Amino acid sequence: MKDIRVGLIGFGTVGSGLAQTLLEQKDRLLRKVGARIILARIVDINLEHLPEQFKDAQLSKDVNDIFNDPDIDIVVELIGGLEPARTFLLEAIRHGKHVVTANKALLSIHGKEIFEAAGHNNVEVGFEASVGGGIPVIKALKEGLVANRILSIMGIMNGTANYILTKMTDQGAAFDVVLKEAQALGFAEADPTYDIEGIDTAHKLAILMTISYGKLVQLKDIHTEGISKIQPIDIDFAREFGCRIKLLAISRHHGSHVEARVQPTLVPESHMLANINGAYNAIYFTGDTVGNVLLYGKGAGKMPTGSAVAADVVDIGRNILHGSIGRVPALSYLPEHIGTPTITPMTQLCCPYYFRITAVDKPGVLSTISGIFGKHSISIKSVIQKSRQQNEPVSIVLHTHEASEAAVQKAIAEIDGLEVCTEPTVKIRFLVDEPR
Ligand code: HSE
């Protein structure tokens, strides 16, 4: 049988994970696929540090060496970022190559262009590694859950943010110190603000929503809040409420419209998602046929992500060998059945809230604040006030009953405008009504 020949662009953390996986699993893959999967070419800007065992591949600094090689079947793009990754993928597709990428930022912004180009050229696009690291979430959605209308998606989808929150919760570690650890472990994005500000999670949610709902969701459709304003004091208060703070992606499909947001969330300690720790990811789907499904695994890192990229290579390799290219549509739904989503405005959201207000400690402040909440029909469930040091502003923490986001936004703007309030209020939503 014919060999499957792969050209790799980018020998970084994930690229080296793919190369190592294909080498270590060579014999097993031969027994499973019935053909050799060969890493035939590697292109990188810096080839000097390439380990000896990968030097059987043809090495080059010029991507055209891959595009112009008629024997390359699959081009794997693992350089990340928008450009030149977009151009490289489009160029590979134009040359009739199947493509595999882990580039969630690119797919959530330029996905339409890439999938359309692939459709016109009759080539496949694999993107398993773009969401959930080593968790086979894309394949689960496209194949295992194909006979479902997906009703909701909820997940922890950024290893770096989850690693930071876990270490802050369990060890009282400082944000900056833990971020450096996550970077050293190879979890973080080149620009770690993507991890911390929820942008990477939003990229991934856009991809999952698209293949779940058959609506082309883009990054701009997703309301995104990160964890950079979370302080150890919030983690301590969360504990007092029996919760842990997690960066969650949340989406629900209401038929005519969909909710989509990424936000730090107070999750009850008894909930499964509260117990997903470190760089692990978990994605919780509800399907109308299957009910609830939880997928859990390593969401970042060289070998887990390498495993996911290798799975795409094998899938496409099998389709090439059996003449079944395009058997499973790239976005699960056939292109003519992919529509545009109607996104529910955030102001329509209703849930209980946590507010940490920083204010001068003097008579009348609490009653002014509670008066503002009352005026906006926000009902307070409990209040905790903790002083820091004498003459310093105090933290007033309020837990509300279910309140409307529209009212909350108005109330907070009013409170933050008070002279007695010395810092912007921190607002965290509680998780409600979710499967346990
Ligand atoms: N920076 C990402 C994370 C890598 O921390 O989860 C995997 O997409």
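Read the numbers this way: they start at 1 and go in the same order the structure lists the ligands and their atoms. In this text, all values refer to a predicted model and were calculated from it rather than measured experimentally.
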Inset, instruction - Counting heavy atoms only, name the option from Phe187, Tyr280, Tyr194 that's nearest to atom 4 (C) of ligand 1. - result: Phe187
Legend entry - Atoms of ligand 1 close to Asp200 [distance to a heavy atom under 4.0 angstrom, numbered from 1]: 2 (C)
Inset, instruction - Write out the residue and atom name of the closest protein heavy atom to atom 5 (O) of ligand 1, then the distance separating them to 0.1 Å. - result: Thr160 OG1, 2.6 Å
Inset, instruction - Can you sort out which atoms of ligand 1 are near Gly299, meaning under 4.0 Å from one of its heavy atoms? - result: 6 (O), 7 (C)
Inset, instruction - Classify the ring geometry between Tyr280 and Tyr296 as parallel (under 30°), tilted (30 to 60°) or perpendicular (over 60°). - result: parallel
Inset, instruction - Output the list of atoms in ligand 1 that are nearer than 4.0 Å to some heavy atom of Ala188, sorted by atom number. - result: 1 (N)
Inset, instruction - Check Arg261, Arg429, Gln263, Lys427 against Glu225 for a side chain to side chain donor-acceptor pair (under 3.5 Å) and give me the one that passes. - result: Arg429
Legend entry - Test: Lys229 and Glu423 ion pair at under 4.0 Å: no
Legend entry - Proximal atoms of ligand 1 relative to Lys104 (non-hydrogen, under 4.0 Å): 4 (C), 7 (C), 8 (O)
Legend entry - Over 12 foreign heavy atoms within 6.0 Å of NZ, Lys2: yes
Legend entry - Closest non-hydrogen atom pair between Ile276 and Lys246, with its separation: O-NZ, 2.7 Å
Legend entry - Atoms of ligand 1, numbered as shown, that sit under 4.0 Å from any heavy atom of Gly159: 3 (C), 5 (O), 6 (O)
Legend entry - Under 4.0 Å to a heavy atom of Asp195 - the qualifying atoms of ligand 1, by number: 1 (N), 2 (C), 3 (C), 5 (O)
Inset, instruction - Give me the ring orientation class for His95 and Phe67: parallel if the planes are under 30° apart, tilted from 30 to 60°, perpendicular past 60°. - result: parallel
Inset, instruction - Scan side-chain atoms only and decide if Asn158 and Tyr194 contain a donor-acceptor pair under the 3.5 Å cut-off. - result: no
Legend entry - For Asn158, the ligand 1 atoms whose distance to one of its heavy atoms is below 4.0 Å: 1 (N), 2 (C), 3 (C), 5 (O), 6 (O)
